[in-house]
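Below you'll find the structure, written out as structure tokens, and then a few comments.
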Amino acid sequence: WTSDGSGTLSSINSSLAGGGMTVLNTQTITSNVATVEITANIDSTYKQYWVVGINIHPATTGTSLGFNIGASYNLKYRGTGWRSRHLDSGVGTYNFINSFSEWDGTTIQDINSEFGAESGKPVNFILRMFNPSEAVCQKDCTWESSSVQETIGCNYAAGQSRFQSTSAYTQIRFAMTGGDITNGTFKLIGIG
């Protein structure tokens with residue numbers, strides 16, 4: 001450990017710091033944007049990267065939040081997902097969702113859908129990306145998300161996507177299927 005002289009620890013020996021989480025990028029949205037792009041710090045430094053979305057709100061009720069990767073954000077992917085939904089009436093469902101399932105899709109991969117634009121109805125998510133700089137294997141991602149839906153209730157969704165390319169990628173883009181992102185925070189985290 002290293003102290004700054006006033007009792008505050010200012011650094012840690014790098015050999016002790018491995019294996020943890022490091023916040024690499026934070027983007028806080030405070031007004032309408034069509035997309036949120038992370039174009040720095042996704043490289044070979046870490047084997048796993050997480051993007052954490054906190055209190056993401058859409059401009060349009062009933063829309064979906066999704067992502068895509070690649071130099072032009074158009075890599076083909078195959079993905080699937082499921083959702084559990086609980087209404088305030090006590091009725092719950094568990095099902096596979098067509099919008100989460102794609103075969104050679106090139107638009108955005110949905111990670112949550114049908115949530116509300118009203119204040120207090122956000123979506124929160126964790127997207128995990130594995131070995132983005134490796135140029136041998138196709139790239140896969142897993143995600144899970146929770147939201148307050150457009151009607152009264154909540155959604156939990158999870159899924160997996162495999163991008164049909166062995167090329168390394170260095171960027172990711174998030175967008176709604178309809179309308180803008182009005183506010184929220186996106187954090188890029190390196191793992192290990």
Side-chain angles (χ1 to χ4, degrees), residues 25-38 42 48-70 73-130 139-163 171-189:
N25 182 321
T26 300
Q27 293 186 47
T28 300
I29 308 305
T30 57
S31 61
N32 289 21
V33 296
T35 62
V36 173
E37 297 180 2
I38 299 171
I42 300 175
Q48 186 176 163
Y49 290 85
W50 289 9
V51 179
V52 178
I54 305 162
N55 291 335
I56 311 302
H57 284 85
T60 307
T61 291
T63 190
S64 299
L65 174 68
F67 72 97
N68 207 329
I69 63 174
Y73 303 112
N74 63 352
L75 287 183
K76 287 185 179 181
Y77 64 89
R78 294 178 180 174
T80 190
W82 58 269
R83 173 177 67 194
S84 64
R85 172 181 281 176
H86 186 269
L87 303 179
D88 286 349
S89 65
V91 176
T93 61
Y94 168 87
N95 53 359
F96 288 96
I97 303 299
N98 287 340
S99 66
F100 296 161
S101 298
E102 289 282 343
W103 191 262
D104 293 338
T106 57
T107 59
I108 65 173
Q109 167 67 65
D110 287 355
I111 58 177
N112 203 293
S113 62
E114 300 175 17
F115 51 96
E118 300 87 357
S119 178
K121 292 188 174 181
V123 61
N124 296 283
F125 70 86
I126 298 173
L127 169 69
R128 296 172 191 89
M129 303 175 288
F130 304 95
K139 308 300 181 273
D140 65 325
C141 304
T142 63
W143 45 265
E144 59 184 301
S145 61
S146 63
S147 68
V148 178
Q149 67 183 58
E150 61 183 295
T151 54
I152 300 172
C154 57
N155 291 323
Y156 173 83
Q160 176 273 339
S161 296
R162 176 173 50 99
F163 287 85
Q171 56 196 44
I172 185 168
R173 176 172 64 190
F174 294 90
M176 298 291 177
T177 55
D180 289 340
I181 298 169
T182 61
N183 55 57
T185 301
F186 293 79
K187 290 183 177 286
L188 175 67
I189 299 170

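Below, each value reflects all heavy atoms present in this structure, side chains not excepted, and no hydrogens, waters or symmetry copies.
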CD (Glu144) and CD1 (Ile111) are apart, to the nearest 0.5 Å, by 10.5 Å

Only one of Asn112, Thr177, Asp180 passes side chain to side chain donor-acceptor pair (under 3.5 Å) with Thr63, and that residue is Thr177

Given side chains that start at C-beta, do those of Glu37 and Gln27 come closer than 4.5 Å, heavy atoms only?
no

In terms of heavy-atom contacts, Ser145 and Val123 come closest through CB-CG2, 4.3 Å

Rounded to the nearest 0.5 angstrom, the CG-OG1 distance for Asn32 and Thr182 is 6.0 Å

Quiz item: Using the benzene-type ring in the case of Trp, are the ring centres of Phe174 and Phe125 under 6.0 Å apart?
Solution: yes

What one should report as the nearest heavy-atom pair of Ala175 and Thr35 is CB-CG2, 4.0 Å

With sequence neighbours left out, the residues meeting ring-ring contact (aromatic ring centres under 6.0 Å, His included) with Phe130 are none

Separation between CD (Gln160) and OG1 (Thr142), nearest 0.5 Å, reads 8.0 Å

Sequence neighbours excluded, the answer for ring-ring contact (aromatic ring centres under 6.0 Å, His included) partners of Tyr49 is Tyr46

Only one of Thr28, Ile54, Val51 passes side chain to side chain contact (heavy atoms under 4.5 Å, CB included) with Lys187, and that residue is Ile54

Working note: Phe186 + Asn25, criterion side chain to side chain contact (heavy atoms under 4.5 Å, CB included); need CA distance, chi angles, decisive distance, verdict. CA-CA 8 Å; Phe186 293 79; Asn25 182 321; over 6 Å; no

Closest non-hydrogen contact found for Leu127 with Cys141 is CD1-CB, 3.9 Å

Do Met176 and Ile56 have side chains that get closer than 4.5 Å, going by heavy atoms? yes

Within a strict 4.5 Å, meaning less than it, do heavy atoms of the Asn124 and Asn55 side chains meet?
yes

Smallest heavy-atom separation, Thr60 atom then Gly179 atom, equals OG1-CA, 3.6 Å

For Ala157 and Trp143, the nearest pair of non-hydrogen atoms, with its separation, is C-CZ3, 3.8 Å

Correct closest heavy-atom pair for Ile42 and Leu188 would be CG1-CD2, 3.9 Å

Rounded to the nearest 0.5 Å, the CD atom of Gln48 sits from the CE atom of Met129 at a distance of 9.5 Å

